[in-house]
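Owing to the predicted nature of the structure, the values given are computational and were not obtained by experimental measurement.
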Amino acid sequence: MSAPALIALVDCNNFFVSCERVFNPLWHDRPLVVLSNNDGCAVARSNEVKALGVKMGTPWFQMKDVARRYGIVGLSSNFVLYGDMSDRVTAVLREFSDEVEVYSIDESFVGLGSACAGAESPAATGQAMRRRVLQCTGLPVCVGIAPTKTLAKLANHIAKTQPHFDGVCDLSAMTESMLQLQLSQIEVGEIWGIGRRMADRLQRLGITTAGALRAAPLKRLRAGFGVVMERIVSELRGIPCLSLDEVEQPRQQLIASRSFGVPVRTVEELGEAISTHVSRASERLRRQELVCGAVHVNIATSRFADTERRYLNSITVGLPEATGDSRVLAGAALSGLTRIFREDCHYKKAGVVLLDLSPSSVCQHRLFNPAADDARSAQLMVALDAVNARYGRDTLRLGSAGLERRWQGRSENRTPRYTTNWDELPLARA
DNA sequence: TCTGGGGTCCTAGGACCC
DNA sequence: TCTGGGGTCCTAGGACCC
């Protein structure tokens, strides 16, 4: 059997910040953050800002003092620009290999089967990629090379954090003892697929590093953590469980959501916002040549509102026929909103509800690929319709009970709860 | 005053059927 | 007092990712 083909993970360094620097050299030496929508919080940080200890997702207003003291520049995000830069990086990578899986806006997996032909080593190919991407786009990238995706991610982490690797780390070139030494220095939470919760659980079992997880008994982990963990551990051992997907799959859902900058006080405003969301979503839907079979509307008060009562409710409206027609989708979304309100007795009594809180709304579309199995789509759509017709408001109640449990499970000191009962909300009356 | 906006996959458990 | 078992489909929720 031949050695498994190698995979490279090519990841742009501080991607959004680097994109901004390409177009404004003045910012090369300044500590920089790129901010989320409404300039809410930091979604990208330059190395200088990272060194100051500013965490990903820190709200801008909370770092204003630090920003003033150290001259941090905060920039509004420009996702059209980042998408364009991302496409350029992908185009360069395709010069090296036919097997390119665009994993996210700033990283791609690249199959090195053909890319290494004629090259002195996989690492040399990685260096060539770095030079070429920098030359063509101005963006710095790091490359991690390994026999599996999970190891390639860790290799990339090593390339980024240990300067003597010069931006390229090939784990397949290491001896077993060198590999184990590297992995034993990486916290278990750094592994791709291990989030905070899993990391906590593993740490309680004494498994604190990637090396320890790699050496832990597979069967016990499978029993305790499920199939996802089994795959991660196998991948750490060099057994590929996640294939390279070069062909982009159509989306299964498409979400348009925004937090409101100001409190929304009337149902009418909410309705207008939902129409706007639907129209944005439909536009993307059509651009991706998809149709959708159901519309999901979710409204919630601000997660940060300092009030005892929080409101969160949602509804799924199935469509008789999959469509991308924004008028039909808006109609479905608004009927969902109406239904949420109709099922509240307070609304019925008062006629008008004024929300004196700051809600955010989400509009979500479940999509079906028209080129795929139509019968399956139809069945699913009918099923969604059937569910809503059968259970009506009970569906909502079940949902809210689950959320309540979840919320209580997460907060230790105080247990504010979500309610779907308007009577429990501090509402201004019309 | 101000706290992002997208996505995916897996599993438990209920409804329903034979 | 007795109270099948196996199967499918579906949803909500939980976990993760960037």
Considering every strand and a 4.0 Å limit on heavy-atom distances, what is the contact class for [X]: base, sugar-phosphate, or nothing?
| X | result |
| --- | --- |
| Phe79(A) | nothing |
| Ile194(A) | sugar-phosphate |
| Leu242(A) | nothing |
| Arg284(A) | sugar-phosphate |
| Asp39(A) | nothing |

Spacing of [X] atom [atom1] relative to [N] atom [atom2], expressed in whole Å:
| X | N | atom1 | atom2 | answer |
| --- | --- | --- | --- | --- |
| Phe16(A) | dG4(B) | CZ | P | 15 Å |
| Asp106(A) | dG6(B) | CG | P | 17 Å |
| Met56(A) | dC17(C) | CE | P | 13 Å |
| Glu230(A) | dC10(B) | CD | P | 12 Å |
| Asn156(A) | dC17(C) | CG | P | 15 Å |
| Phe225(A) | dC16(C) | CZ | P | 10 Å |
| Lys149(A) | dC17(C) | NZ | P | 15 Å |
| Met229(A) | dC9(B) | CE | C1' | 15 Å |

I'd like to know whether Phe225(A) forms a side chain to side chain contact (heavy atoms under 4.5 Å, CB included) with Leu205(A), so could you lay out the CA-CA distance, the side-chain angles of the two residues, the decisive distance to 0.1 Å, and finally the verdict. CA-CA 12 Å; Phe225(A) 292 83; Leu205(A) 294 173; 3.8 Å; yes

Looking at Arg231(A), does any N or O in its side chain come under 4.0 Å of the phosphate oxygens OP1/OP2 on dC10(B)? yes

Between Asp11(A) and Lys160(A), does at least one N-O distance fall below 4.0 Å, as a salt bridge requires? yes

Please determine if Lys219(A) and Glu230(A) form a salt bridge, counting it only when a charged side-chain N lies under 4.0 Å from a carboxylate O. no

Base-pairing assignment for dC10(B) (Watson-Crick or G-U wobble, both under 3.5 Å): dG13(C)

Arg132(A) charged N/C atom sitting above Phe96(A) aromatic ring, 6.0 Å / 45°: no

If you only use heavy atoms from C-beta on, which nucleotide in [options] is closest to the side chain of [X]?
| X | options | result |
| --- | --- | --- |
| Ser36(A) | dC9(B), dC18(C), dG4(B) | dG4(B) |
| Trp192(A) | dC18(C), dG4(B), dC9(B) | dC18(C) |
| Val227(A) | dG6(B), dG4(B), dC10(B) | dC10(B) |
| Lys153(A) | dC2(B), dC18(C), dG4(B) | dC18(C) |
| Met198(A) | dA15(C), dC2(B), dG4(B) | dA15(C) |

What interatomic distance, in whole Å, is found between P of dC18(C) and the corresponding atom of dT3(B)? 25 Å

Check for me whether the distance between the ring centres of Phe16(A) and Trp27(A) falls short of 6.0 Å. no

If each of Val228(A) and Arg280(A) is mapped to the nucleotide of DNA chain B with the nearest heavy atom, which maps nearer the 5' terminus, i.e. the 5' end? Arg280(A)

Report yes if the side chains of Val22(A) and Thr137(A) come closer than 4.5 Å at any heavy-atom pair, otherwise no. no

